[in-house]
Amino acid sequence: MASNLIDSILREQAFKNEKTVAFFRFGFFSLSLILDTLAYFGFIQYTEINPPLRTILLDCLVAFISGGILFLFLNNIYHEAIKFFAITFVDYYIFNGHDFRQSASHIVF
């Protein structure tokens, strides 16, 4: 009985944590998509190199997937595999897969 209660509490906490992370992840990628799109069309320039179309398409894909994960969490659908999918694909893009044309040495202030 106590084990079931503890498992329930841990699952609820994991759901709340992942929901919070999903909000921030979607916000980050939405901002990235907006800035890259504005830079692509020449409205702003926040790097020396304008982002290519493939960067915009990749931003759209990742924002769409992040939005899908957030949609699942907002509808109280939680499965352990969602966390591992997000870590494997979306978070990998944050740290390793993003087009590094926007390195710190190229930022225009």
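Bear in mind the structure is a predicted one, so any value in this text is a computation, not a measurement.
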Supply the atom-to-atom distance Cys60 SG to Ile65 CD1, rounded to the nearest 0.5 angstrom. 11.5 Å
Among residues at least two apart in sequence or on other chains, which ones pass side chain to side chain contact (heavy atoms under 4.5 Å, CB included) with Thr20? Phe24
Can you name the residues that form a side chain to side chain contact (heavy atoms under 4.5 Å, CB included) with Leu72, not counting sequence neighbours? Ile77, Ile82
Under the side chain to side chain contact (heavy atoms under 4.5 Å, CB included) test, which residues partner Phe23, sequence neighbours left out? Lys19, Leu70, Leu74
Ring pair (Phe, Tyr, Trp, His ring centres under 6.0 Å) partners for Phe15, two or more places apart: Phe73, Tyr78
Could you give the distance from CD (Glu18) to CZ (Arg25), rounded to the nearest 0.5 Å? 6.5 Å
So Phe29 and Leu33, do their side chains get closer than 4.5 Å, heavy atoms only? no
Apply side chain to side chain contact (heavy atoms under 4.5 Å, CB included) to residues Tyr40 and Leu53 and explain how you reach the verdict. CA-CA 7 Å; Tyr40 178 77; Leu53 181 60; 3.9 Å; yes
Rounded distance (nearest 0.5 Å) linking atom CD1 of Ile44 with atom CD1 of Ile34: 10.0 Å
I need the Leu57 CG to Asp36 CG distance, nearest 0.5 Å. 11.0 Å
Side-chain (Ser32) to main-chain (Phe28) donor-acceptor, under 3.5 angstrom: no
Working to the nearest 0.5 Å, report the span between CZ of Arg11 and CD1 of Ile9. 14.0 Å
To the nearest 0.5 Å, atom CZ of Phe26 lies from atom CZ of Phe71 at 12.0 Å
Within the side chain of Ser8, is there an N or O that forms a donor-acceptor pair under 3.5 Å with the backbone of Asn4? no
